[in-house]
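Take a look at the structure set out below.
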Amino acid sequence: MKQFEFISNQSEETMDFSKRLAGFLKPGDVIALEGDLGAGKTTFTKGLALGLKIKRNVNSPTFTIIKEYQGRLPLYHMDVYRVEDSFEDLGFDEYFEGEGVTVVEWAHLIEEQLPQEILTVSLYLCENGARKIVLKPNGKRYEELCKEFLL
Ligand SMILES: Nc1ncnc2c1ncn2[C@@H]1O[C@H](COP(=O)(O)OP(=O)(O)OP(=O)(O)O)[C@@H](O)[C@H]1O
């Protein structure tokens, strides 16, 4: 699978990156967001929210599983870490197929319930303190999105 790598030297760069990415998102887009502790998942999502013109502060939905924000498009921010059973049906489809953009943290835990096409964003801590951002488009929609984003 094709993937695209970027280096972010500070949190503002990660925010600018996701803020710009948000401009290319459409209703029904789903992003699987992965990264180690402190890699910048929240920072990334905050940037995405800025790009979607969301005014509320975005923070981790760990205990609520899903948080919804209104903007140019709604943002559904999910953290499925606490979903006990990957077959548990919490009605994720309604979000994935809804009017907004979904960001899922720990997406692999609900693999069976994810849409076939998805954009995976992986954040890695580099030895020098920078972060590596990797975009992995799965499916035509996200290949197109990455192409536009990279122009
Ligand atoms: N290039 C960078 N991109 C993102 N964050 C960075 C970068 N450089 C330093 N940081 C710092 O790293 C921290 C990232 O925290 P953040 O909460 O976004 O990570 P997280 O992946 O959501 O962590 P957790 O899994 O603990 O919730 C912030 O304090 C941020 O300022």
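Start at 1 and go down the list; that is how both ligands and their atoms are numbered.
With rounding to the nearest 0.5 Å, the separation of CG in L73 from NZ in K53 is 11.5 Å.
A donor-acceptor distance shorter than 3.5 angstrom exists from the side chain of Y142 to the backbone of V30, with no hydrogens or angles considered.
When only non-hydrogen protein atoms are considered, atom 5 (N) of ligand 1 lies nearest to S11 CB, 3.7 Å. For atom 19 (O) of ligand 1, the nearest protein heavy atom (residue, atom name, distance) is G40 N, 3.1 Å. Among all non-hydrogen protein atoms, the one lying nearest atom 27 (O) of ligand 1 is T42 OG1, 4.0 Å.
At least one heavy atom of D36 sits less than 4.0 Å from an atom of ligand 1. Not a single heavy atom of G35 sits under 4.0 Å from any atom of ligand 1.
Distances from atom 18 (O) of ligand 1 to the heavy atoms of N59, D79, T43 put T43 nearest. Residue K41 holds the heavy atom nearest to atom 21 (O) of ligand 1 of all those in E13, K46, K41, E12. The heavy atom nearest to atom 11 (C) of ligand 1, considering only R131, Q10, K132, is found in R131. Comparing S60, S8, G38 by heavy-atom distance to atom 14 (C) of ligand 1, the nearest is G38.
Within a 4.0 Å radius of atom 29 (O) of ligand 1, the protein contributes no non-hydrogen atoms.
Within a 6.0 Å radius of CD in E99, no more than 12 heavy atoms belonging to other residues, nucleotides or ligands are found. Other residues, nucleotides and ligands contribute only 12 or fewer heavy atoms inside 6.0 Å of the CD atom of E94.
For T14, every heavy-atom contact with ligand 1 shorter than 4.0 Å involves the side chain, none the backbone.
Salt-bridge check for K132 with E5: passed, with a basic side-chain N closer than 4.0 Å to an acidic carboxylate O.
Of the N and O atoms on the side chains of E105 and H77, at least one donor lies less than 3.5 Å from an acceptor on the other residue.
Numbered from 1 in the order shown, with element, the atoms of ligand 1 that lie under 4.0 Å from a heavy atom of N9 read 1 (N).
Checked against a 6.0 Å centroid threshold, the rings of Y76 and F92 do not count as neighbours.
Y124 does not carry R131 over the face of its six-membered ring by the limits of under 6.0 Å from the centre and within 45° of the normal.
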